[in-house]
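What follows is one structure encoded as structure tokens, with my remarks underneath.
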Amino acid sequence: MGLVKYIARRLIILIPELWIITIIVFTLIQLSPGTFLDQYRLDPSISRETLQAMEKQLGLDKPAVVQYFYWLGKLVRFDFGYSFYYRRPVIDLIGERLLGTFVLSLYSFVISWIVGVVLGIVSALKKYTATDKILTVIAFSGLALPGFFLALVLLYMAARTGWFPIGGLYSPETAKMDVWSAFKDIFWRLQLPAFTLTFGSFAGLMRYQRGSLLDVMNEDYVEFARAKGMPERVVIYRHALRNAINPLITIFGASLADLLSGAVITETIFSWPGLGRLTYQALLQKDYYVVMASTVISTVLLVIGNLIGDILLAAVDPRIRYE
Amino acid sequence: MESILSVRNLSTWFFLEEGVLKAVNDVSFELAPNEVLGIVGETGSGKSITVRSVMRLIHHPGKIVSGEMIYRGRGREEDIAKMSDDELTHIRGKELSMIFQDPLTSLNPLYTIGDQLIETIMQHQDVDRTGAWRLAVEALDKVQIPEPEKRMNSYPFEFSGGMKQRVVIAIALSCNPKILIADEPTTALDVTIQAQVLDLMKQLQTEMKTGTLFITHDLGVISAMADRVMVMYGGRQMELASAEDVFHKPTHPYTHMLLRSIPRVDIKQDSLESIPGQPPRMIDVPDVCPFAPRCPRRLDKCSKELPKLDEFEPNHYVRCFNPVEPGGDLYV
């Protein structure tokens with residue numbers, strides 16, 4: 001009962017949170033120079049009358065405050081508005097891109113967590129040995145190498161060798177393939193962007209897992225478990241590891257938010273039709289409502305991700321109870 | 001009576017980048033069944049490492065470099081120093097148990113008291129979960145935890161410090177070990193709780209006839225608990241005698257000074273007497289008396305060679321070239 005109330009309270013707090021965040025984002029977009037119509041103003045073939053008509057049609061002639069509340073009014077009815085650029089409802093645009101982003105993010109998310117946590121444990125248990133040192137070098141390369149650079153190198157290699165497709169989610173033939181070949185094709189195309197994302201994120205997780213397990217291994221209760229006669233296997237997996245997982249659960253919750261927005265650069269370089277790229281282009285073109293919708297989605301995910309993290313934490317740690 | 005544990009020439013060194021830290025150097029002692037041997041000394045004197053060596057809980061870069069630790073609890077002589085990891089899991093917690101200094105951190109926060117007790121009992125005794133549960137409740141009852149049945153499902157954070165230490169004692173004694181090692185078991189508790197826990201330990205020790213190694217830096221505690229006392233300094237034994245002798249006829253200058261630094265309530269003292277100087281860092285020290293730099297009775301040869309641990313009087317051993325005669329004055 002306490003937990004249900006707690007979740008309800010957290011979700012209710014989400015509403016004012018969301019409201020404040022949308023105000024900030026909207027203000028920031030308004031403060032940045034230029035509007036969506038500027039690109040048309042530069043085009044001499046478009047007449048002043050057309051421009052004025054467009055301005056009126058898009059609602060850009062109204063003061064910013066009015067625009068904001070107009071948008072907010074639609075949002076409460078779950079209408080995310082129209083994209084200026086695509087001239088289509090924002091919700092449809094996002095719906096189309098959601099799958100691409102989700103496939104890419106989820107795939108690299110799962111792999112980075114498995115690889116990061118497992119290698120982190122190995123690294124901690126073999127601390128200061130050659131294995132640990134090699135893993136540490138790999139981890140620091142992952143942390144230090146900028147994603148865009150790795151993506152470009154991979155792209156270059158793909159272009160030189162032809163072993164991997166150089167971008168996109170679908171090939172021209174996808175539509176003609178049967179389900180199984182289409183799946184294989186997409187899976188193949190997924191590898192380079194997924195590798196770029198994974199390499200950047202597993203390293204941090206690995207270092208977290210290593211540090212947290214090493215901390216716990218120094219705790220008295222781990223030594224006490226040994227003094228009780230527990231075999232080393234039980235000491236590590238039952239006593240140390242379960243305690244070392246807690247900080248990672250917090251990170252897990254927070255990183256759920258990145259599932260739909262964390263891959264802007266990678267998506268752009270690999271021309272992956274995802275949400276990140278859509279948002280990035282919308283920002284450049286001052287396509288307000290796309291940006292706002294994307295912000296709303298990220299915020300909701302962030303709050304829900306943190307909530308899931310907190311609930312998981314309560315599930316594994318008896319000291320945490322939500323009343 | 002034959003002793004249950006004989007430690008002979010035990011040396012435990014730590015191989016650090018700055019050099020070799022000789023934490024325990026050539027320590028020998030006997031522990032009789034049903035005897036409490038107190039080990040006293042300042043922080044860094046090597047008392048904890050000595051008992052951890054007996055448990056074989058020494059981790060890299062530490063190493064037991066020499067010595068034997070003969071355990072006689074299972075009807076034959078076994079050298080703990082030579083046991084494999086697998087054999088160790090059979091004697092730790094079953095034959096030898098250990099209680100750590102800080103009860104707040106000795107219990108795993110994520111498991112119930114019951115789980116942690118049952119885990120130990122099932123590791124060492126041939127019982128099923130129901131049987132282990134019953135033994136666990138008995139163990140909690142023995143350390144005077146009220147409503148033990150109910151407390152089995154509690155987590156450590158729901159217990160106070162003193163109660164936690166009782167639980168730790170219950171776990172340590174759950175398999176009727178023949179040797180109990182207590183590493184400053186009451187230092188982290190406040191004074192009234194300390195007295196209760198000490199009383200309980202003394203009572204259980206008498207009842208179960210457990211040979212006990214009791215470490216403390218609190219001489220008041222040792223006088224209440226120990227039959228014999230070993231005084232350590234700089235990784236070496238300085239004096240080893242019955243508790244009575246150590247308190248009433250201290251022979252080593254260090255023991256003397258240690259006793260004089262206890263605050264007394266029967267005399268008004270303006271300031272506490274302290275031992276001048278700092279305990280030595282034990283890295284790459286020569287084989288001379290470690291206490292020489294702080295000793296008021298220092299002779300020239302004290303900083304040139306190491307005195308032997310001599311039998312000064314029957315069963316009263318001391319490592320000193322210039323010991324204090326019984327009733328004599330410390331300062332010369």
Side-chain angles (χ1 to χ4, degrees), chain A residues 2 121-133 209-210 212-250 309-323, chain B residues 48 51-52 54-61 85-113 115-125 153-158 164 167-168 171-175 177 180-181 183 188:
Chain A
I121 294 170
V122 171
S123 193
L125 295 182
K126 305 218 178 254
K127 76 172 165 170
Y128 308 138
T129 63
T131 318
D132 179 33
K133 281 175 186 155
Q209 177 68 73
R210 179 182 184 275
S212 133
L213 185 54
L214 282 181
D215 274 353
V216 171
M217 294 293 277
N218 283 327
E219 291 284 345
D220 276 352
Y221 54 77
V222 172
E223 194 75 340
F224 188 56
R226 285 197 191 98
K228 294 197 304 189
M230 296 294 131
E232 197 61 16
R233 175 177 41 84
V234 176
V235 171
I236 290 168
Y237 293 101
R238 196 190 296 165
H239 288 279
L241 207 51
R242 254 204 74 184
N243 279 281
I245 285 293
N246 285 10
L248 272 95
I249 290 177
T250 311
D310 287 348
I311 293 168
L312 284 176
L313 213 52
V316 300
D317 193 333
R319 287 167 295 184
I320 300 167
R321 287 281 174 268
Y322 301 118
E323 301 299 337
Chain B
S48 273
V51 295
R52 277 172 195 250
V54 175
M55 290 296 284
R56 286 278 302 278
L57 289 172
I58 299 294
H59 305 294
H60 179 83
D85 288 351
D86 192 45
E87 284 175 282
L88 284 171
T89 62
H90 290 106
I91 70 153
R92 286 181 190 150
K94 172 120 175 49
E95 309 288 329
L96 291 86
S97 273
M98 183 159 175
I99 301 172
F100 289 97
Q101 180 172 352
D102 191 352
L104 304 176
T105 57
S106 295
L107 295 168
N108 192 323
L110 302 186
Y111 294 96
T112 60
I113 301 304
D115 282 339
Q116 300 188 48
L117 262 162
I118 287 171
E119 172 186 64
T120 319
I121 293 169
M122 289 184 73
Q123 172 75 15
H124 297 301
Q125 297 180 40
N153 292 320
S154 303
Y155 287 94
F157 75 93
E158 296 167 301
K164 272 186 208 166
V167 172
V168 171
I171 292 176
L173 296 179
S174 61
C175 301
L180 177 69
I181 293 171
D183 186 358

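Throughout, protein chains are lettered first and strands after them, A, B, ... in sequence-line order, and every chain is numbered starting at 1.
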Got more than 12 heavy atoms from elsewhere within 6.0 Å of OH, A/Y237?
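Count not over threshold, so no.
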Chain A contact via [X] - which portion, at a heavy-atom distance below 4.5 Å:
X      : answer
B/H124 : side chain
B/R52  : side chain
B/H59  : side chain

Where [X] and [Y] come nearest, the two heavy atoms and their spacing:
X      : Y      : answer
A/K228 : B/T120 : CD-OG1, 3.2 Å
B/L110 : A/P318 : CD2-CD, 3.6 Å
A/A227 : B/L57  : CB-CD1, 3.9 Å
A/F224 : B/F100 : CA-CE1, 3.4 Å

Please rank [options] by heavy-atom pairs under 4.5 Å with chain A and give me the top one.
options                      : answer
B/I181, B/L88, B/T89, B/L104 : B/T89
B/H90, B/E158, B/R92         : B/R92
B/E119, B/M55, B/Q123        : B/E119

Spacing of B/T105 atom OG1 and A/E223 atom CD [to the nearest 0.5 Å]:
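The distance works out to 11.5 Å.
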Enter the distance from A/R238:CZ to B/Q116:CD here, rounded to the nearest 0.5 Å.
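The CD atom of B/Q116 is 10.0 Å from CZ of A/R238, to the nearest 0.5 Å.
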For residues B/P156 and A/R319, determine if any side-chain heavy atom of one lies less than 4.5 Å from a side-chain heavy atom of the other.
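With C-beta onward as the side chain, the pair stays apart.
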Relative to chain B, which segment of A/V234 carries a heavy atom at a distance below 4.5 Å: side chain, backbone, both, or neither?
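For A/V234, the contact with chain B is made by the side chain alone.
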Can you list the residues of residues 239-247 of chain A that sit under 4.5 Å from chain B, counting heavy atoms only?
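The residues closer than 4.5 Å to chain B, in numerical order, are A/H239, A/R242, A/N243.
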